[in-house]
Q: 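There's a structure below that I have some questions on.
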There are 2 protein chains.
Amino acid sequence: MVNRRRAPRTGTAPPLRADDGRWQELLDIAARIFARKGYRSTTLQDIADEFGVLKGSLYHYIRSKDELLFEVVRTVYGGGLAHLRELAGADLDPVERLRAVIRGHVRYLIDNLVGTTVLLHEFDQLSAEHRARLPVRDYQEVVAGLVVDARADPRVKPDLDPQLTALAVLGAANWVHRWYRPDGRRSPEEIGAAYADLLVDGMLTGAGAG
Amino acid sequence: MVNRRRAPRTGTAPPLRADDGRWQELLDIAARIFARKGYRSTTLQDIADEFGVLKGSLYHYIRSKDELLFEVVRTVYGGGLAHLRELAGADLDPVERLRAVIRGHVRYLIDNLVGTTVLLHEFDQLSAEHRARLPVRDYQEVVAGLVVDARADPRVKPDLDPQLTALAVLGAANWVHRWYRPDGRRSPEEIGAAYADLLVDGMLTGAGAG
DNA sequence: CGCGCCCCGACAACCGTTTGGTAGGGCTAC
DNA sequence: GTAGCCCTACCAAACGGTTGTCGGGGCGCG
């Protein structure tokens, strides 16, 4: 978490003015509307209305609508990957670490529901340049690496495909935003625990087929 | 698989003219472009170009763009649900039936990749009326029911949450269209088998925690 | 003839973006 | 202190392009 006020003009296209409360507010509003209606169906008019501004005035904060989407997903993308890597670095035996990672990742996805919704649903609406700066493959690599580690444990199925397993784990987790409701019967912790047990136990040799 | 030529004018809004080769061709083209660019980013111009027609001429086949999307997803929705229920009715012991269902469903999703991509990605772009006619919850209910059946088997974790488990299964499966490539290293059968073993074995009591 | 199939031309609405202007707060020089 | 200045934040109005949709007409075929 870099402490930056008056963000320096580094990189290609940093936000014009970062960290003001108003900028964060705009990001939140945009994320919420993007999540509800979809990027392409969202009008700058929609955002400006909720922001309390004429739509042209938004260009004081953004360079283009595309960049606004990028700024929204960049935050949650970076945060999620950092969080995932932190979990993956825990000092636990590989199997339990995998369990903790799934629990924690599901928890993150739910804690950042609107952001992850936009990231997962509108990712391919980004320009090719912006998309290249968010290599979602990294998520898969982290989880696949953990599966490789776990395979050293004799309890784990030796013929487990790390990539395929990682994709199954991430797929299950990434689907949560489509059905989770804060007033639902299950808490984020219960969901994370259930997913972790289901998926990690599925990697172990047990009563099932080999 | 209903055999219908010259589809009767049942329901609210059947296609103006069904089953002509040209109509099916239009559906395929629309589905492909919707899958690639997204519904909202796809213009009738795009579709008309590939169809070899001026965009106004499309209204000879469709009533509106929204209806075109509906017709695309209706096909794959109905087919997928029918296929899933057929698999769920197989005369197998509940655990093996669940395995077969996951294998078969993944296989279906891959066999109908463009259609399922549109269904899963553009579902909420449908009008509320159209959406109500495609209760996606039905998928969840079918799988949850199978989990309930399987729970009668003593090998299965007795405290398994059917809804949560069904959502995990469907989430993993529904993610496939985001990464599957026909020239990839794994065949549809291998993917389905890997997913089935991972998820079903995860439901069994084994070496893991309870 | 009649009908399916498509062209042609248009329209109204909308959308992202631009340009020019302005109120006001705060810093600085005198 | 106050006049001058700049910067931030926004308004007002427009522009060019695009989009979904529609009506009318023509052509070929059974």
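No hydrogens, no waters, no symmetry mates; every other heavy atom, side chains included, goes into these values. Below, chains carry the letters A, B, ... as their sequence lines are ordered, and counting in each starts from 1.
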Q: Run the side chain to side chain contact (heavy atoms under 4.5 Å, CB included) test against A166(B) and tell me which residues pass, sequence neighbours left out.
A: Q140(B), V143(B), A144(B)

Q: So which nucleotide from dC8(C), dT21(D), dC11(D) ends up closest to the side chain of V53(A)?
A: dC11(D)

Q: Between R131(B) and D124(B), does at least one N-O distance fall below 4.0 Å, as a salt bridge requires?
A: no

Q: Kindly confirm or rule out a cation-pi arrangement of R40(B) over F34(B), judged by NZ or CZ under 6.0 Å from the six-membered ring centre and within 45° of its axis?
A: no

Q: Could you tell me how far apart L68(A) (CG) and dT17(C) (P) are, to the nearest whole angstrom?
A: 10 Å

Q: Considering just the side-chain nitrogens and oxygens of H60(A), establish if one lies under 4.0 Å of OP1 or OP2 belonging to dC10(D).
A: no

Q: Flag this pair as yes if the NZ/CZ of K65(B) is under 6.0 angstrom from the six-membered ring centre of Y39(B) and inside a 45 degree cone about the axis; otherwise no.
A: yes

Q: Which nucleotide in the list dC11(D), dT8(D), dG20(D) gets nearest to the side chain of K65(B)?
A: dG20(D)

Q: Figure out the CD/P separation between Q125(A) and dG16(C), and round it to whole Å.
A: 13 Å

Q: Any idea how F51(B) and Y61(B) line up, ring-wise: parallel (<30°), tilted (30 to 60°), or perpendicular (>60°)?
A: perpendicular

Q: Measure from the side-chain heavy atoms of D20(B) and tell me the nearest of dC5(C), dT21(D), dC7(C).
A: dC5(C)

Q: What integer distance in Å separates D49(B):CG from dC6(C):C1'?
A: 15 Å

Q: Parallel, tilted or perpendicular: which one describes the rings of H130(A) and F70(A), with boundaries at 30° and 60°?
A: parallel

Q: Go through dG16(C), dC11(D), dC10(D) for me and flag the one nearest to the Y61(A) side chain.
A: dC10(D)

Q: Starting from P on dC14(C), measure out to CD on Q45(A) and report it in whole angstrom.
A: 10 Å

Q: Rounded to the nearest angstrom, tell me the gap between atom CG in L58(A) and atom C1' in dA12(D).
A: 15 Å

Q: With 3.5 Å as the limit, what N/O pairs link the protein to nucleotides 18-26 of chain C?
A:
none

Q: If you take any heavy atom closer than 4.0 Å to DNA chain D, which residues from residues 33-41 of chain A end up in contact?
A: none

Q: Rounded to the nearest Å, what distance is computed from the CD1 atom of residue I62(A) to the P atom of nucleotide dA9(D)?
A: 15 Å

Q: Would you say R22(A) reaches dT8(D)'s phosphate, i.e. side-chain N/O to OP1/OP2 under 4.0 Å?
A: no

Q: Taking CG from L54(A) and P from dA12(D), how many angstroms apart are they, rounded to a whole number?
A: 6 Å

Q: Under a 4.0 Å threshold between the charged nitrogen and the carboxylate oxygen, would R99(B) count as salt-bridged to D201(B)?
A: yes

Q: Under a 3.5 Å cutoff, is there a donor and acceptor pairing between the side chains of D20(B) and Q24(B)?
A: no

Q: Calculate the interatomic distance between L26(B) atom CG and dC5(C) atom P; express it in whole Å.
A: 12 Å

Q: Does E189(B) have more than 12 heavy atoms from other residues, nucleotides or ligands lying within 6.0 Å of its CD?
A: yes

